Participant: 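Sharing a structure, written as structure tokens. Questions coming.
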Amino acid sequence: MDKSKSSRMRWSFLLLALAGAYFLFGYVLHANPEPLQAERAAAESCIRPQLRVLSEERGHHGKRWRVKASVRNNGGCDAWLFAVEFFPSWTYAGSWRGAWGIPAGGHLSNGFTISARDEVEKTDRAFSGVTGARVKSVIMTTNSGQHYTISPRLPDKRLRRHFVWLRNMRYFIRYYPAGQSAKTVRLLDSNGKLISLIRAQEGEFDDSL
């Protein structure tokens, strides 16, 4: 066999090998799309840290207050950490932060009821917290027997439309005179039906899921 014929045969075998490898790669890639789909879904579930101001205004007695909400990945991309911060005086007096794990691409569960704190503000007390969206009224009773009816707010509609993690939640801040403390809260739905009754635990009300 001459050298030219031998060279042509080697090139033929090489081309056949490359064609086979290309065919095999394409077959495996299309026959097993799950890994790529899983990687794509994981990438889409990752979220960059975000912060949104829910409210900045003057409340009772002309007091200024601020409420902020944020979200970030919770250890990995398969879960998020949703947090809300309360600043009853735009300072650290009476302020606190609550955080809850939520599914990636989701929001607080339908079973979430309330997470709230009764804190000392500069001159008064500030009762503030987060409720589930189904909670339309919070009736807070103090240790002196005084009742305060609170209507938690939904975040602005535009925020809820663009940020899924701000759905299914409400928030509130209510000032009341110093010298008292919150003892119990009753949560009512839109029909006035009792959802839950929670008693204070060292100034905290936590019936969240």
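Here the structure is a predicted model, which is why all the values come from computation and not from measurement.
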Participant: Crowded around R199 CZ? As in, over 12 foreign heavy atoms under 6.0 Å?
Facilitator: no
Participant: So how far is it from E202 CD to S181 OG, rounded to the nearest 0.5 Å?
Facilitator: 12.5 Å
Participant: Check whether any side-chain heavy atom of R125 lies under 4.5 Å from a side-chain heavy atom of D118, and answer yes or no.
Facilitator: yes
Participant: Would you give the length of the straight line joining atom CZ of R174 to atom OG of S151, rounded to the nearest 0.5 angstrom?
Facilitator: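 Answer rounded to 0.5 Å: 9.5 Å.
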Participant: Where do R117 and E119 come nearest, in terms of heavy atoms and distance?
Facilitator: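 Scanning both residues, the minimum pair turns out to be NH1-OE2, 3.6 Å.
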Participant: Are F112 and W100 close enough that their ring centers fall under 6.0 Å?
Facilitator: yes
Participant: Within the structure provided, determine whether V185 and D207 are in side-chain contact (heavy-atom separation under 4.5 Å).
Facilitator: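 With C-beta onward as the side chain, the pair stays apart.
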Participant: Report whether Y148 and L187 are members of the same hydrophobic cluster (ILVMFWY, side-chain heavy atoms less than 4.5 Å apart, transitive linking).
Facilitator: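 As far as the 4.5 Å side-chain criterion goes, L187 and Y148 are connected within one cluster.
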Participant: Taking ILVMFWY side chains as joined if any heavy atoms are under 4.5 angstrom apart, and letting links pass through other members, which residues group with I139?
Facilitator: L188, L194
Participant: Judged by atom type as modelled, is there a donor-acceptor pair below 3.5 Å linking the side chain of N73 to the main-chain atoms of C77?
Facilitator: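 Here the side-chain-to-backbone pair does not exist.
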Participant: Between CE of M169 and CG of L54, what distance do you get to the nearest 0.5 Å?
Facilitator: 5.5 Å
Participant: For residues W65 and S128, determine if any side-chain heavy atom of one lies less than 4.5 Å from a side-chain heavy atom of the other.
Facilitator: no
Participant: Heavy atoms, side chains only, cut-off 4.5 Å: are Y176 and M140 in contact?
Facilitator: yes
Participant: Out of curiosity, does L159 fall in the hydrophobic cluster containing V164 (side-chain heavy atoms, cut-off under 4.5 Å, transitive links)?
Facilitator: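 Linked within one cluster.
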Participant: Taking all non-hydrogen atoms of both residues, which atom of D189 and which atom of K193 are closest, and how far apart?
Facilitator: OD1-N, 2.8 Å
Participant: Taking R158's backbone N and O only, do any of them form a donor-acceptor pair with D156's side chain (distance below 3.5 Å, no angle check)?
Facilitator: yes
Participant: Any link between F163 and V130 through a network of hydrophobic side chains (Ile, Leu, Val, Met, Phe, Trp, Tyr) touching at under 4.5 Å?
Facilitator: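 They do share one cluster, since a chain of ILVMFWY contacts under 4.5 Å joins F163 to V130.
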Participant: So, taking the atom named CG in N168 and the one named CZ in R160, what distance separates them when rounded to the nearest 0.5 Å?
Facilitator: 11.0 Å
Participant: Please determine whether side-chain contact (heavy atoms from CB on, under 4.5 Å) holds for the pair K183 and T142, giving the CA-CA distance in whole Å, both sets of side-chain angles, and the decisive distance to 0.1 Å.
Facilitator: CA-CA 5 Å; K183 184 178 180 181; T142 69; 5.9 Å; no
Participant: Can you tell me which residue among I198, T131, V138 is in a side-chain contact (heavy atoms from CB on, under 4.5 Å) with F205?
Facilitator: I198
Participant: Should R170 and R153 count as side-chain neighbours, where that means a heavy-atom distance under 4.5 Å?
Facilitator: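 Result no, sub-4.5 Å side-chain heavy-atom pair not found.
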Participant: Determine the minimum heavy-atom distance between N74 and G101, stating which atoms define it.
Facilitator: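 Here N74 and G101 meet closest at ND2-CA, 4.2 Å.
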Participant: Decide whether L154 and W165 are clustered together by the hydrophobic rule: side chain heavy atoms of Ile, Leu, Val, Met, Phe, Trp, Tyr closer than 4.5 Å, transitively.
Facilitator: no
Participant: Just verifying a value: how many Å separate H162 NE2 and R52 CZ, rounded to the nearest 0.5 Å?
Facilitator: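 Between H162 NE2 and R52 CZ, I get 10.5 Å after rounding to 0.5 Å.
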Participant: What closest approach, in Å, do R134 and G111 show between heavy atoms, and which atom pair accounts for it?
Facilitator: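 The pair with the smallest heavy-atom distance is NH2-O, 4.0 Å.
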Participant: Does I47 share a hydrophobic cluster with F82, counting links as ILVMFWY side-chain heavy atoms below 4.5 Å and allowing steps through other members?
Facilitator: yes
Participant: State, to 0.1 Å, how close W96 and G129 come at their nearest heavy-atom pair, and which atoms those are.
Facilitator: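 Nearest pair, atom of W96 first, then G129: CZ2-CA, 3.8 Å.
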Participant: OG1/T141 to CD/Q180 distance, rounded to the nearest 0.5 angstrom?
Facilitator: 11.0 Å
Participant: More than 12 foreign heavy atoms under 6.0 Å from CZ of R66: is that the case here?
Facilitator: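 Above 12, so yes.
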Participant: Of all heavy-atom pairs between S55 and Y171, which one has the smallest distance, and what is that distance?
Facilitator: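 Of all heavy-atom pairs spanning S55 and Y171, the closest is CB-OH, 3.5 Å.
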Participant: Please identify each residue that fulfils ring-ring contact (aromatic ring centres under 6.0 Å, His included) with F172, with sequence neighbours left out.
Facilitator: F127
